[in-house]
S.K.: 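Take this structure, written in structure tokens, and hold onto it; I'll ask about it next.
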Amino acid sequence: MGEYLDKGLHEECGVFGVYRQSDAAHLTYFGLHALQHRGQEGAGIAVADGKTVRCRKGKGLLSDVFGRNDLDGMTGKNAIGHVRYGTAGGGEVENVQPIVSRLANGGALAVAHNGQIANAAELRKELEDKGSIFWGSSDSEIILHLLQGTKGPLIEKIKQACNRLDGAFAFLILTEKNLYAVRDKNGLRPLSLAKQGDGWCVSSESCAFDIVGAHLVRDVRPGEIVKISAAGLESCFYTEETSCNLCAMEYIYFSRPDSVLERQNVHGVRRECGRLLAQEDLDNFFKADIVVGVPDSSLSAAAGYSEAIGLPNEMGLIKNRYVGRTFIQPTQAQRDLGVRLKLSANVPVVRGKRVVLVDDSIVRGTTSKRIVALLRQAGATEVHLRIAAPAIKYPCFYGVDMSTRAELASASLEPDVLAKVLGADSLRFLSVDDLKQACGCQGLCTACFDGSYVTPLYSNKI
Ligand SMILES: O=P(O)(O)OC[C@H]1O[C@H](OP(=O)(O)OP(=O)(O)O)[C@H](O)[C@@H]1O
Ligand SMILES: NC(=O)CC[C@H](N)C(=O)O
Ligand code: SF4
Ligand SMILES: [Mg+2]
């Protein structure tokens, strides 16, 4: 990620697929475009025309990989695509997805995976001991090797493979004729299904359906394998032991505000997090002048906080929308300037004001520290930091780039100590109970807040 500004939280991957659509490759391009926020390291599209599966992929953004005419030769009515931020294995092109392979029966298939397989190290060793040779180093490739080692029609192979995998996986498989959508039994990563004319779409987030004119039907259920073929849509489950534990960070940070996950609109959840966060300040007769959200991901929470507490929600920080990719290998001085390149304080708005600064999360604390300093330099008299998520204290082994406790600011520092380190006058987080209430869905993974992991940890260490 050296080419990008040093971000606190990295997105995950996004998957998108279409079935029975003329111009499937172009539609997949547009779907992936709506999911670009989930991964910027690599992108790819595989398309099937009933006889073959063709794939084009490369490093970088979608627009780096696909030029104006690059999709012209990719004919076929079914396609899948992927945007990657790697969580296992490096950023090399071998790990960019979809990964295309051939089973022993000669059938070609392409796989696009979002998530992280918790027992990847154990499975890879077992497969290598049995003779598998891996092409790359990502955990996603394990899915293909497991399929090769099982018997029966593909749907049976997928069931058997899924029963060996643990952790987080939402993946798509494209064969010459069919499309499969699979979600792990804990429902850790999102995956939704939509109807488009007489065809279908599948996506990590529903925001991608809107852009291609498809209509959200439902989430793929935890443990479900959906097969889309000429016969229509068939559904089966690889296990009966299922429960929904969607990643809470999808609501807090990763997903786009216009997406609907498990029937909850992401903007609505964030706004409710902000409202609930304000409650304790209201009860304590907390005094401030304005509420400022950190653009863009905290704006919904700031709106909810401001509504509940009755203070104006002001545009005290401005984001430069053209910052994303900046310079290759920035110098340390340029890194230090990072937040100024991305965010500027709106001086006339914050000067002389007691500011409630609302952000969605603190991971390493770098962003908050820089923004608090920025507001003070702009003349804010007080800066009270309010985080619309609980304190992150434990690593994630399910596909989010927070892998050691040492890098997490809240793992070792209580809020009042952390407030001092960040230069804020006060600091409060949302409680886990309030987060669950705001998300309103039946189950939620909250492991990085409370250490309640929904799978065994295998060789991963807390
Ligand atoms: O405590 P830290 O390690 O700094 O990480 C936390 C920050 O990271 C994310 O923002 P980021 O700047 O990555 O992206 P955004 O512009 O999409 O919010 C998140 O919204 C927090 O602001
Ligand atoms: N962020 C993700 O979902 C990544 C998928 C997979 N673990 C990879 O590294 O390619
Ligand atoms: S541990 Fe945290 S980031 Fe990881 S899946 Fe669970 S809620 Fe999401
Ligand atoms: Mg942020």
Side-chain angles (χ1 to χ4, degrees), residues 4-15 37-39 41-42 82-91 94-97 99 111-118 120 136-143 167-171 186-189 204 245-254 256 293-299 301 317 319-321 323-324 338-339 342-343 357-371 387-390 392-403 407-410 418 422 432 435 439 444-455:
Y4 298 88
L5 268 183
D6 196 16
K7 279 170 64 85
L9 257 173
H10 294 291
E11 286 80 357
E12 311 168 76
C13 304
V15 299
H37 59 283
R38 295 182 71 88
E41 276 189 341
H82 190 267
V83 285
R84 179 171 194 247
Y85 174 76
T87 58
E94 302 88 89
N95 293 336
V96 175
Q97 303 189 35
I99 306 174
V111 171
H113 163 231
N114 169 213
Q116 191 171 333
I117 296 161
S137 52
S138 91
D139 56 340
S140 311
E141 200 184 329
I142 290 171
I143 299 169
F169 52 91
F171 64 82
N186 293 302
L188 280 156
R189 304 262 72 96
S204 294
N245 297 284
L246 179 63
C247 166
M249 289 302 288
E250 290 284 351
Y251 288 118
I252 294 165
Y253 175 78
F254 291 120
R256 248 173 56 164
V294 183
D296 293 315
S297 51
S298 307
L299 297 181
L317 290 166
K319 183 171 176 176
N320 181 335
R321 68 179 63 180
V323 173
V339 78
K342 184 167 171 177
L343 290 171
L357 176 64
V358 178
D359 202 357
D360 50 76
S361 52
I362 293 180
V363 184
R364 297 162 189 88
T366 354
T367 310
S368 310
K369 192 171 184 175
R370 288 172 182 171
I371 298 175
I387 303 298
I392 299 175
K393 298 181 177 178
Y394 298 89
C396 175
F397 307 115
Y398 303 135
V400 176
D401 181 32
M402 311 186 292
S403 53
E407 67 190 318
L408 303 172
S410 293
L418 184 55
L422 302 177
V432 174
L435 171 68
C439 292
L444 205 59
C445 176
T446 52
C448 52
F449 310 120
D450 58 14
S452 323
Y453 294 93
V454 298
T455 70

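Only heavy atoms go into these numbers, but all of them, side chains included; no hydrogens, no water, no symmetry mates. In each ligand, atom 1 is the first atom listed, and ligand 1 is the first ligand listed.
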S.K.: Where does Asp139 meet ligand 2, judged by heavy-atom distances below 4.0 Å: at the side chain, the backbone, both, or neither?
M.R.: side chain
S.K.: Check each atom of ligand 3 against the heavy atoms of Tyr398 and keep those under 4.0 Å away; list them by number with element.
M.R.: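 Here the atoms of ligand 3 in question are 5 (S).
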S.K.: Closer than 4.0 Å to some heavy atom of Lys319 - which atoms of ligand 1 meet that?
M.R.: 16 (O)
S.K.: Donor-acceptor check, side chain of Asp359 to backbone of Val294, threshold 3.5 angstrom: yes or no?
M.R.: no
S.K.: Using a heavy-atom cut-off of under 4.0 Å, does the side chain or the backbone of Thr366 touch ligand 1, or both, or neither?
M.R.: both
S.K.: How far is atom 4 (Fe) of ligand 3 from its nearest protein heavy atom, and which residue and atom name does that atom have?
M.R.: Cys396 SG, 2.3 Å
S.K.: Output yes if Cys448 passes the N/O/S-under-2.8 Å test against atom 4 (Fe) of ligand 3; output no otherwise.
M.R.: no
S.K.: After noting the C-alpha distance and the side-chain angles of Leu246 and Tyr251, does the key distance pass the side chain to side chain contact (heavy atoms under 4.5 Å, CB included) rule?
M.R.: CA-CA 9 Å; Leu246 179 63; Tyr251 288 118; 3.7 Å; yes
S.K.: Using heavy atoms and a threshold below 4.0 Å, how should the contact between Ser297 and ligand 1 be classified: side chain, backbone, both, or neither?
M.R.: side chain
S.K.: Does Asn114, backbone or side chain, put an N or O under 3.5 Å from an N or O of ligand 2?
M.R.: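 Indeed, backbone or side chain, Asn114 has an N or O that close.
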S.K.: Please list, in number order, the atoms of ligand 2 under 4.0 Å from a heavy atom of Gln97.
M.R.: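 Listed by number with element: 10 (O).
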S.K.: Which ligand 3 atoms, with their elements, are less than 4.0 angstrom from a heavy-atom of Ala447?
M.R.: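 Selected atoms, number and element: 1 (S).
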S.K.: Using modelled atom types and a 3.5 Å cut-off, is there a donor and acceptor pairing between side-chain atoms of Ser410 and backbone atoms of Lys393?
M.R.: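 No, Ser410 side chain to Lys393 backbone: no donor-acceptor pair under 3.5 Å.
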S.K.: Could you check which of His113, Arg189, Arg84 puts a non-hydrogen atom nearest to atom 10 (O) of ligand 2?
M.R.: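 Going through His113, Arg189, Arg84 one by one, Arg84 has the nearest heavy atom to atom 10 (O) of ligand 2.
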S.K.: Quick check against the 3.5 Å criterion: does Glu41 have a side-chain atom that pairs as donor or acceptor with the backbone of Gly91?
M.R.: no
S.K.: Do Asp360 and Met249 have side chains that approach each other closer than 4.5 Å (heavy atoms only, starting at C-beta)?
M.R.: no
S.K.: Can you list the atoms of ligand 1 that are under 4.0 Å from a heavy atom of Gly365?
M.R.: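 In order of number, 1 (O), 2 (P), 3 (O).
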S.K.: By number and element, which atoms of ligand 1 are closer than 4.0 Å to a non-hydrogen atom of Asp359?
M.R.: 20 (O), 21 (C), 22 (O)
S.K.: Before signing off on this row, confirm whether Lys342 and ligand 1 have an N or O atom pair separated by under 3.5 Å.
M.R.: yes
S.K.: Any nitrogen or oxygen of Val363, side chain or backbone, less than 3.5 Å from one on ligand 1?
M.R.: yes
S.K.: Could you tell me whether the side chain of Tyr398 and the main chain of Thr455 form a donor-acceptor pair under 3.5 Å?
M.R.: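 At least one qualifying donor-acceptor pair exists.
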S.K.: Measure the shortest side-chain to side-chain distance between Val363 and Leu408 over non-hydrogen atoms and say whether it is less than 4.5 angstrom.
M.R.: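 Side chain of Val363 against side chain of Leu408, heavy atoms only: contact under 4.5 Å found.
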S.K.: Give the numbers and elements of all ligand 1 atoms closer than 4.0 Å to a heavy atom of Ser361.
M.R.: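 Under 4.0 Å from Ser361, ligand 1 has these atoms: 6 (C), 19 (C), 21 (C).
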S.K.: Examine Cys445 and say whether one of its N/O/S atoms is closer to atom 6 (Fe) of ligand 3 than 2.8 Å.
M.R.: yes
S.K.: Show the atoms of ligand 2 that are less than 4.0 angstrom away from any heavy atom in Ala88.
M.R.: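 Contacts of ligand 2 toward Ala88, numbered from 1: 9 (O).
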S.K.: For His113, does its backbone N or O pair with a side-chain atom of His82 as donor and acceptor, under 3.5 Å?
M.R.: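 Yes; judged by distance alone, with no hydrogens or angles, the pair exists.
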S.K.: Looking at Leu188, is its backbone amide N or carbonyl O close enough to the side chain of Asn186 to form a donor-acceptor pair, meaning the two atoms are under 3.5 Å apart?
M.R.: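 Judged by distance alone, no pair lies under 3.5 Å.
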S.K.: Considering heavy atoms of the protein only, find what lies nearest to atom 3 (S) of ligand 3 and give residue, atom and distance to 0.1 Å.
M.R.: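 For atom 3 (S) of ligand 3, the nearest protein heavy atom comes out as Met249 CG, 3.5 Å.
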S.K.: One residue to check: Ser140. Relative to ligand 2, which of side chain, backbone, both or neither has a non-hydrogen atom less than 4.0 Å away?
M.R.: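 It is the side chain that touches ligand 2; the backbone stays farther off.
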S.K.: Is there a polar contact between ligand 1 and Asp360, counting only N or O atoms under 3.5 Å apart?
M.R.: yes
S.K.: Mind checking whether Ile143 and Ile99 have side chains closer than 4.5 Å, heavy atoms only?
M.R.: no
S.K.: List the closest protein heavy-atom neighbour of atom 8 (Fe) of ligand 3: residue, atom name, distance to the nearest 0.1 Å.
M.R.: Cys247 SG, 2.3 Å
S.K.: May I ask whether Gly89 places a heavy atom under 4.0 Å from ligand 2?
M.R.: no
S.K.: Which ligand 2 atoms are under 4.0 Å away from a heavy-atom of Gly86?
M.R.: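 Those qualifying, in numeric order: 9 (O).
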